[in-house]
Amino acid sequence: MLDPRLLRGDPDACAARLATRGFRLDVERFRVLEERRKALQVRTQDLQSARNRGAKAIGQAKAQGRDIAPLLAEAEGLGGRLKAAEAELQAVLAQLEDFQLAVPNLPHESVPEGSDERANRELRRWGDVPRFDFAVRDHVDVGAGLAGMDFESAARISGARFVVLRGVVARLHRALTQFMLDLHTGTHGYTEVYVPYLVNAESLRGTGQLPKFEEDLFALRGDAGLYLIPTAEVPVTNLARDRILEAEVLPLRFACHTPCFRSEAGSYGKDTRGMIRQHQFEKVEMVQVVRPEESYAALESLTGHAEAVLRALELPYRVVALCTGDLGFAAAKTYDLEVWLPAQGTYREISSCSNFEDFQARRLRARWRNPATGKPELVHTLNGSGLAVGRTLAALLENCQEPDGAVRVPEVLRPYLGGLERLTPPG
RNA sequence: GGAGAGAUGGCCGAGCUGGUCGAAGGCGCUCCCCUGCUAAGGGAGUAUGGGGCUAAUCACUCCAUCGAGGGUUCGAAUCCCUCUCUCUCCGCCA
């Protein structure tokens with residue numbers, strides 16, 4: 001959510017900024033709602049004030065044993081008018097909240113302008129794109145060759161966009177997860193957390209998935225109102241919800257491994273083959289809660305932490321700064337990490353690192369006590385994948401494949417695989 | 001699943017025979033005083049969100065908030081209803 005003062009103070013400037021990311025702010029509607037809100041709020045509060053004065057006078061009169069009948073007569077009808085005003089005000093406030101919850105974050109000034117991903121800016125590349133003197137297989141074939149990747153079974157069990165991993169590939173999948181967690185907790189200073197995979201609507205509203213993107217989520221039946229998490233970002237960032245953090249505990253840095261569940265509504269026909277786009281995938285997520293003045297430095301370091309995983313795994317990648325039009329709803333600035341996929345001959349997103357500034361914090365009421373002012377102020381929140389495990393597995397199988405169908409294991413992973421240096425097809 | 005107890009400010013904890021209660025007291029924190037170090041002591045202050053006014057995130061003023069939502073009442077932290085969560089006992093269970 002944007003700062004309401006900012007929105008009220010200069011809606012046209014906000015609209016101009018939002019236009020760069022392709023969002024049309026209905027300034028006129030906002031003005032109308034604001035005007036009505038103001039008038040109704042003043043009226044309501046006046047009536048409340050009158051009621052309070054009256055009630056107090058009656059209390060005093062009664063204590064002194066005076067006759068309260070005239071005072072009661074005076075208060076006649078006030079309740080009804082107040083109730084009506086309150087109801088009206090509440091209705092407008094609800095509309096105003098709906099309006100504001102649907103407004104995306106303002107892009108940071110350093111974000112390149114552009115309407116879609118073509119305007120994204122490549123910042124750097126790392127690693128040599130591998131050359132193969134044999135026909136490159138994609139991860140589906142490499143995985144199948146290792147007798148470890150089975151989409152047919154998954155389709156029978158659940159449907160499209162699921163996978164069953166077996167044997168050494170399943171183990172590699174687990175090894176990747178373990179390695180990432182160890183790296184972030186061991187050398188990057190993150191605290192590992194284990195969190196619920198089912199969350200309530202309030203949590204999703206806090207991080208920005210609701211109310212606008214409900215169709216991307218899997219909701220549970222029944223009246224519990226729970227959803228499967230689309231990313232660990234939701235439960236982990238919500239650790240800061242409704243809290244006032246002491247300055248000393250900042251920055252909070254959490255690393256968290258969870259499955260992620262996404263309906264992938266609207267992506268029909270996209271990435272239908274392989275593990276690139278699944279309804280269920282594993283991810284190690286990094287989440288930071290920081291002082292506002294530190295958030296952009298934190299974005300750089302967090303991105304570096306995600307890059308460190310790719311480097312350790314020796315996977316070629318590039319870093320892209322998303323343009324205004326490609327930015328996620330809640331993000332002020334985002335770096336995407338894209339890994340090289342030989343079979344596709346292109347870089348594909350494997351991590352997304354974002355600074356949300358106070359956009360999520362405002363929805364979450366996530367604050368810290370600023371020693372300079374002594375007052376609770378909004379924190380800044382960030383997160384980034386470190387990394388998406390399924391895509392990392394796919395990238396590894398493709399980049400490290402050998403002519404005989406084996407897969408070379410990057411050194412950092414070997415301790416997690418009992419020292420195995422190569423994954424080899426059975427038989 | 002059954003029975004019971006509870007949810008109050010940064011924390012602990014009174015109030016719950018409805019009225020000067022935004023809320024005693026304590027802890028913590030801030031400032032001041034005293035004390036030739038340390039410790040102790042004395043005094044003052046210390047919730048959050050929002051509105052109006054304003055150049056102002058100053059001041060002033062108003063409103064809301066005692067788990068959440070509704071109700072009764074001139075008036076609700078206090079009474080009633082619903083929900084959520086926590087704790088205890090029983091049952092069940094990985």
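What you are looking at is a predicted structure, and each value in this text was computed from that prediction instead of being measured. Here is how names work: the chains are called A, B, and so on, in the same order as the sequence lines, proteins then strands, and each is numbered from 1.
- Comparing B:G6 with B:C60, their C1' atoms are spaced 41 Å from each other, to the whole Å.
- Of the possible polar contacts, one joining the A:Thr392 side chain to the A:Ala388 backbone as a donor-acceptor pair under 3.5 Å is found.
- A side-chain contact (heavy atoms from CB on, under 4.5 Å) with A:Ser295 is found for exactly one of A:Asp358, A:Asn355, A:Val289, A:Leu302, namely A:Asn355.
- Closest to the side chain of A:Ile58, from the set B:G19, B:G51, B:A64, is B:G19.
- With C1' as the reference atom, B:C32 and B:G22 are 27 Å apart, rounded to whole Å.
- At B:G52, one or more side-chain N or O atoms of A:Lys38 fall inside 4.0 Å of OP1 or OP2 (strictly under the cut-off).
- Of the nucleotides present, B:G26 is the one that pairs with B:C11 by Watson-Crick or G-U wobble criteria, both distances under 3.5 Å.
- Counting heavy-atom neighbours within 6.0 Å of A:Arg243 CZ, excluding the residue itself, gives a total of 12 or less.
- Here the separation of B:G13 from B:A7, taken at their C1' atoms, is 13 Å to the nearest Å.
- Across all strands shown, nothing is found opposite B:A59 as a Watson-Crick or G-U wobble partner with both distances under 3.5 Å.
- In terms of modelled atom types and a separation under 3.5 Å, the side chain of A:Thr324 and the main chain of A:Glu113 share no donor-acceptor contact.
- Comparing the same atom, P, in B:A55 and in B:A47 gives a spacing of 28 Å after rounding to whole Å.
- Summary of the strand contacts: A:Gln60 and A:Leu78 both lie near RNA chain B, and taking for each the nucleotide with the nearest heavy atom, the more 5' one is attributed to A:Gln60.
- Rounded to whole Å, the P atom of B:U8 lies 14 Å from the corresponding atom of B:C87.
- Comparing B:U38 with B:U48, their C1' atoms are spaced 38 Å from each other, to the whole Å.
- Using the Watson-Crick or G-U wobble rule with both distances under 3.5 Å, B:A39 pairs with nothing in any strand shown.
- Atom-to-atom, CG of A:Asn370 to P of B:U30 comes out at 15 Å; the value is rounded to the nearest Å.
- Pair assignment for B:U48: B:A64, on the basis of Watson-Crick or G-U wobble contacts that are both within less than 3.5 Å.
- Across B:A14 and B:G25, the matching P atoms stand 15 Å from one another, rounded to whole Å.
- A salt bridge links A:Asp138 to A:Arg273: at least one charged side-chain nitrogen sits closer than 4.0 Å to a carboxylate oxygen.
- Spacing between atom CG of A:Asn52 and atom C1' of B:G22 amounts to 13 Å, rounded to whole angstrom units.
- Between the CG atom of A:Leu82 and the C1' atom of B:G75 there is a distance of 12 Å, given to the nearest Å.
- Comparing B:U46 with B:G51, their P atoms are spaced 23 Å from each other, to the whole Å.
- Atom CZ in A:Arg53 sits about 12 Å away from atom C1' in B:U61, given to the nearest Å.
- Across all strands shown, A:Arg362 has no heavy atoms under 4.0 Å from either base or sugar-phosphate atoms.
- Distances shown here put a side-chain N or O of A:Arg367 below 4.0 Å from the OP1 or OP2 atom of B:G49.
- The partner of B:A76 is absent, by the rule that a Watson-Crick or G-U pair needs both atom distances under 3.5 Å.
- Contact annotation for A:Arg365: no contact, since no heavy-atom pair falls under 4.0 Å across all strands.
- With both pairing distances under 3.5 Å, B:C89 is matched to B:G2 as a Watson-Crick or G-U wobble pair.
- In this structure, of B:U72, B:C63, B:G52, it is B:U72 that holds the atom nearest to the side chain of A:Lys83.
- Separating the CG atom of A:Asp10 from the C1' atom of B:A56 is a distance of 17 Å, rounded to the nearest angstrom.
- With respect to the salt-bridge test (charged N to carboxylate O, under 4.0 angstrom), the residues A:Arg161 and A:Glu264 do not qualify.
- For the pair A:Ser49 and B:C62, the criterion of a side-chain N or O lying under 4.0 Å from OP1 or OP2 is not met.
- Judged by Watson-Crick or G-U wobble contacts below 3.5 Å, the nucleotide B:G69 has B:C81 as its partner.
- Remark: side-chain polar atoms of A:Glu398 are paired, donor with acceptor, to backbone N or O of A:His139 under 3.5 angstrom.
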Expected list for residues 167-179 of chain A: side-chain donor-acceptor pairs under 3.5 angstrom, two or more places apart:
{"residue": "A:Thr177", "atom": "OG1", "partner": "A:His173", "partner atom": "O", "Å": "3.0"}

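- Mapped onto RNA chain B by nearest heavy atom, A:Glu86 and A:Ile244 fall at different nucleotides, with A:Ile244 at the one closer to the 5' end.
- A donor-acceptor contact under 3.5 Å is formed by the side chain of A:Lys62 with the base of B:G19.
- Atom pair A:Arg37:CZ and B:C63:P shows a separation of 17 Å (rounding to whole Å applied).
- Among the nucleotides B:G51, B:G19, B:G70, the one closest to the side chain of A:Gln90 is B:G70.
- Put simply, CZ on A:Arg369 is 14 Å from P on B:U46, counting in whole angstrom units.
- For B:G18, there is no paired base (Watson-Crick or G-U wobble, both distances below 3.5 Å).
- Atom CD in A:Gln41 sits about 14 Å away from atom C1' in B:U61, given to the nearest Å.
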